[in-house]
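Reading through the C-alpha cells given below for one structure.
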Number of protein chains: 2
Amino acid sequence: MSTTPPIPARHALTTKGSNREDIRRHNLSAVLTLLSRTGEMPRSALTELTGLNRSTISDLVTELEDLGLVTESEAVTTQGVGRPSLMVSPAEEVVAFAVNPDIDAITVGVVSFSGKVIAKVRQTTAVQPAAATAADIANKLIDQLRKDLPNNYRIAGIGVAIPGQVRHADGVVRLAPHLNWVEVPFARMLQQLSGLPVYIDNDASLGSLAERDFGAGKGFREIVYLFGSAGGIGGGVIHDGIPLRGSAGYAGELGHVRISDSPQEDGSGLTGTLESLVRRDVLLAALGLDNADDEQLAAALAADKSAKVRKIAEAQIDALAIAVGNFVNIFNPEVILLAGYLSTLFSYDPDRLLSRFRWSSLTASQDRMVVRQAALGANLLMVGAAGLALAPLVNAPASTQLTPVRGK
Amino acid sequence: MSTTPPIPARHALTTKGSNREDIRRHNLSAVLTLLSRTGEMPRSALTELTGLNRSTISDLVTELEDLGLVTESEAVTTQGVGRPSLMVSPAEEVVAFAVNPDIDAITVGVVSFSGKVIAKVRQTTAVQPAAATAADIANKLIDQLRKDLPNNYRIAGIGVAIPGQVRHADGVVRLAPHLNWVEVPFARMLQQLSGLPVYIDNDASLGSLAERDFGAGKGFREIVYLFGSAGGIGGGVIHDGIPLRGSAGYAGELGHVRISDSPQEDGSGLTGTLESLVRRDVLLAALGLDNADDEQLAAALAADKSAKVRKIAEAQIDALAIAVGNFVNIFNPEVILLAGYLSTLFSYDPDRLLSRFRWSSLTASQDRMVVRQAALGANLLMVGAAGLALAPLVNAPASTQLTPVRGK
DNA sequence: CGTTATTTGTTGTTTTACTCAACAAAAGGT
DNA sequence: ACCTTTTGTTGAGTAAAACAACAAATAACG
C-alpha cells in the first residue's frame, strides 16, 4: 500500500545470478570500504553499519587480518557501558602509486589505502613530454619511491590520472590535447616498464571520486564535480554513488557543453562552450599575471579593483552559472563541487553565481541542493589515481594479489 | 597485470552486508527479469544467462511457479541434440494498471508483466483536470477495466506517468505545468480511492524505461532518451542500465537545458533552452495545422515544399543537434533515442541532424554511438507506467503481495 | 531400427557462509 | 560486591547453491 516509488533496482539489468562466493566478496568489500573511508572503526560500528551479525563481522575481520589488509587492536577510548569493542584499522603497509602526467611536469606519489599521501615527487619537463618519455620518467620516479618504502609494504598497483579522454575498454588515451597524445597505450607502456598492474582514467573523473571518498562530497550519492585547470574544464558526475562513465568511458566532458551562441572556441574547437567562456588564462592576463597557482590568482583577484577585471570575472561567473543551472536540470544533484580555478572564481563572488544560477534551472531541482568548493587541494589527483589502483583490492579483497616492495 | 580499468564497483557505497536471503531475492529477480523482458525462454537459456547451476534454476523456477508468476510447459520446438528443455513463460494473469493524466484526456490501461497491453481506455476531459477529478476518473476507469478481467488475474498495482516533476521521497507531483498541478499528492489520492498500491514518476523517465526494456533501447545500458510532446520536451537518461533519478527524482529535465543566448522562453520560463527553440506548436502553425498527431504532422511536413516551413524545421533540427551534441559530451551514451515530435523532426532530415551534431561534440564520444527513433508508439507510457508498478514484483518476487481482481 | 552421443531434468549429498543462542569478558552504575 | 549493558567467542543450526550420479529425451549414425 505504498504510494512512494519502488526502490530503484540496482540489478535491473544484472541478470547474472549470485552465489555464496559473491556474498562473501561483497561483505569483505563492504567492511574494507568502510575502513578505507573512515580510517579506523570499532568492530561494533562495523556490525551496525553493515547490518551483519557480530559473529559474521568477527569472521570477516579475521579473514581481512589474515590477508594482511587490516589490523586489530584494543580500543584506547571506551564509549560507554559494556565490554569495549576492538578497533579495526586499515593496514598502513598497503599502498598504490599515483601518476599524473601534465603539460610541464610529471607527478608521482605513494598513497596508503586509507587515502593518506605518504610521499610525492614531481619532475618538471621542458616541453610536453612524449608518451614514451613520460612513461620512462614515471617509472624512474616510482622506482625511486619504491626504494624508500619499508620491506613489509605491499603494492596494489599504479593509478594514472590523464588530462584527457581515456578509453575504458583497453585503457588507451584516446586524446589528451594538452599533452598532445593521441591513441596512446600509456597504461600498457607503463605496465611493461614497471611490471605492476596499471589502471588509468580521466583526471576530473578521478578527482570526483577522491572528493566523494575523502573530500567535500563525502556522504553524498549524487554529485556534479567541475574542475578548472590551466588546460580547460573537466567534469565528473557521480550517480547513485558510482561514477558516470558512459559507453566508452568518455562521459563527464562538462566543459565542452555548449551554452551560448558565442563563436569563442574552446580547447577542442567547439564554440560557445563552458570552457570557451570561462578561461583561466584570460583572467590571468587581465590581472597582468604570467604564471600563478590558484592561491596566488585568488589573492590577486581579491586585491584588484579595476572595472575591467571585474567585468571579465563576472562574465565568467555568469557563464558558469548557466552551466551549473544546466547540470542541475540534468542531474538534480545533491551537491555541485567546484574545484581548481572554478573554486577561485566562485569565491570571488559566490552570491552572484548562486543568484544567477537560480534563474537558469527549474526551482524544484534546486530543493536542498548546495554548491560547494572542493576540499582536497594539491593531493586531489594523487588520492584519486591511487584510489583507482586500489579499487580492485577494495572490491575483491580475497582475490586481489599484491606485489611486495622488493623483487617482482 | 591488467592495463584496463577495474570493474566499476556497483556496491561502492553500498556498505550494507548481504546474506543468503539477498542472494535468493537477487536470483529470483534475475530469472523473472529475463522472463519479463523476453517473453519466454527455455530453462537451459536461463541457466546459461544467469550462470547458475541447472539444479538452482530448477529450484528457482519451481518457487516462481508456486508463486504463480511463471508457468512451465513442454517445449514445442526442439533446438538440437539432447533432451529438450522446458519452456518457462511469465504468467499472463499478473498485470498492472497504467494511468496517464494529460492536458485533454486521462488514459488508463492494463498491462501484463511481459509488457503486453491487454486493454486501454481513454477519457477526454473538457479542460485541464484538477487532481481530484483526475484521480476520480482514473479510479472509475480502473474499476471498469477490472470488471473485464478474468477472476484468476492478479494485480501488482497502479503506475502513474505524470507530465511533470515527481518528488521521489513521497510520490508527490511537485510541478506539472500543463496540468497546472503544484505539490499534488496524486499517488496518495489514487491509492485511497482504489485501495491498490500506487507508484508514480515522470512520463519521460518512464518512457525511457519502456524503450530500454521493450523498445529501441533494448540491450543498451547507456541511453539518452528525448521525448517531444505537445507540452514540451522531456528526457530520460539510463546509466549502467538504471535510470538517472537524482537526489529528489527530478533528474533528466533535458528540455530545459540552455543552449543559446536567445531570449525565447520555454514552458518553465527559462530562456534559450532546447524546449524554447524546438517547438511543435510553431511548426504546426507554420504548416497551417490546428491539431494533429505526430503521424499527420510528419505527413504534412513531408508534403510541404515552402521555404518558410523548411527554414523553421531546419532551425529546430539545428538546435536539437546542439543539444544532442551536449548530451553526447555529458553522457557518452551508446544510443540517443528520439521520441514523439523529435522523432518526426529527425526523420524530416536525418542527415542534417547527424552532420550538425558531429560538430558540436567531441569526436571520441561519438565512437560507435547511434541516433535512433524510438520504437514504442502509442503504448509507450502504458508500458512504462505499468512497469513502474511491476518493478517491486520483479525485484523481490517472493515478498511482493498481489491483489486479486475481485474483492480487496 | 537399434545404438551412441549429447543435452537436460531430477534427486540426494555436500559445502559454505550467515544467523542464532549461550556464555564469558570487560566496562559502568548503584 | 553486585547488577546491567555491551561486546567477543564458540558451537550448533540453516538456507541455498554447487556437485555428482542417474534418468529421460532428443539427434546422428551405421
Side-chain angles (χ1 to χ4, degrees), chain A residues 11 15-32 40-67 70-88 396-399, chain B residues 11 15-32 40-67 70-88 396-399:
Chain A
H11 51 270
T15 46
K16 277 276 154 58
S18 329
N19 51 24
R20 287 185 314 271
E21 283 170 43
D22 294 329
I23 284 205
R24 188 64 167 186
R25 175 174 35 244
H26 177 264
N27 287 346
L28 285 171
S29 168
V31 169
L32 203 57
E40 60 172 22
M41 195 176 267
R43 267 207 211 170
S44 54
L46 291 172
T47 317
E48 192 169 0
L49 289 170
T50 59
L52 295 171
N53 193 280
R54 273 214 299 280
S55 354
T56 308
I57 290 295
S58 170
D59 204 39
L60 291 167
V61 169
T62 306
E63 180 164 351
L64 290 174
E65 211 173 0
D66 291 344
L67 290 166
V70 306
T71 54
E72 267 188 310
S73 58
E74 307 270 313
V76 256
T77 59
T78 61
Q79 61 258 21
V81 205
R83 177 174 177 174
S85 194
L86 295 174
M87 187 61 79
V88 190
S399 50
Chain B
H11 52 272
T15 47
K16 277 276 154 59
S18 329
N19 51 25
R20 286 186 314 270
E21 282 172 42
D22 295 330
I23 284 207
R24 188 61 167 189
R25 177 174 34 247
H26 177 263
N27 286 346
L28 285 171
S29 169
V31 169
L32 203 55
E40 60 173 23
M41 194 176 266
R43 268 208 212 169
S44 54
L46 291 172
T47 319
E48 191 168 1
L49 289 170
T50 58
L52 296 170
N53 192 282
R54 273 214 301 279
S55 15
T56 307
I57 290 294
S58 169
D59 205 37
L60 291 167
V61 169
T62 307
E63 181 166 350
L64 290 174
E65 213 173 359
D66 290 345
L67 289 165
V70 306
T71 53
E72 268 187 309
S73 58
E74 308 269 314
V76 257
T77 60
T78 61
Q79 61 257 21
V81 203
R83 177 173 174 175
S85 195
L86 295 175
M87 187 60 80
V88 190
S399 50

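It should be emphasised that the depicted structure is a prediction, and the values quoted were computed from it without experimental measurement. Reckoned from all heavy atoms, side chains included, excluding hydrogens, waters and symmetry mates. Each chain gets a letter, A, B and so on, in the order the sequences are listed, and its residues count up from 1.
- Residues forming a side-chain hydrogen bond (donor to acceptor under 3.5 Å, both in side chains) with A:S55 (at least two apart in sequence, or on another chain): A:N53.
- Listed by chain and residue number, A:S58, A:D66 satisfy the side-chain contact (heavy atoms from CB on, under 4.5 Å) test with A:T62 (two or more places apart in sequence, or in another chain).
- Here B:E65 pairs with nothing under the side-chain hydrogen bond (donor to acceptor under 3.5 Å, both in side chains) rule; sequence neighbours left out.
- Partners of B:E48 according to the side-chain hydrogen bond (donor to acceptor under 3.5 Å, both in side chains) rule, which considers only residues two or more places apart in sequence or in another chain, do not exist here.
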Can you give one letter per nucleotide of nucleotides 10-16 of chain D, 5' to 3': B if a protein heavy atom sits under 4.0 Å from the base, S if only from the sugar-phosphate, - if neither? B---BBB
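- Following rounding to the nearest Å, B:L28 (CG) and D:dA17 (C1') show an atom-to-atom distance of 13 Å.
- The shortest non-hydrogen separation linking B:T47 to B:L52 is CG2-O, 3.1 Å.
- For A:E40, the side-chain hydrogen bond (donor to acceptor under 3.5 Å, both in side chains) partners at least two apart in sequence or on another chain are A:S89.
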Sugar-phosphate atoms are those with a prime plus P, OP1 and OP2; base atoms are the rest. Using that split, label each nucleotide of nucleotides 22-30 of chain D B, S or - for protein heavy atoms under 4.0 Å, 5' to 3'. -BBBBS---
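- Of the residues in residues 40-49 of chain B, not one comes within less than 4.0 Å of DNA chain D through any heavy atom.
- Look at CD on B:E72: it is 8 Å from P on C:dG9, rounded to the nearest Å.
- Applying the side-chain contact (heavy atoms from CB on, under 4.5 Å) criterion to B:L49, with sequence neighbours excluded, gives B:L34, B:M41.
- Within the structure, the salt bridge (charged side-chain N to carboxylate O under 4.0 Å, His left out) test picks out the following pairs touching residues 53-64 of chain B (sequence neighbours left out): B:R24-B:D59, B:R24-B:E63.
- What separates CG of A:D22 from P of C:dT16 is a distance of 15 Å, to the nearest Å.
- At whole-Å resolution of the value, NE2 in A:H26 and C1' in C:dT16 are 18 Å apart.
- For B:P42, the side-chain contact (heavy atoms from CB on, under 4.5 Å) partners two or more places apart in sequence, or in a different chain, are B:S44, B:A45, B:Q79, B:S85, B:M87.
- Annotation: salt bridge (charged side-chain N to carboxylate O under 4.0 Å, His left out) contacts involving residues 70-85 of chain A, sequence neighbours excluded, comprise A:R43-A:E72.
- Rounded to whole angstrom, the span from the CD1 atom of A:I57 across to the P atom of D:dT7 amounts to 12 Å.
- Residues A:P397 and A:L67 share a closest heavy-atom pair of O-CD1, 3.8 Å.
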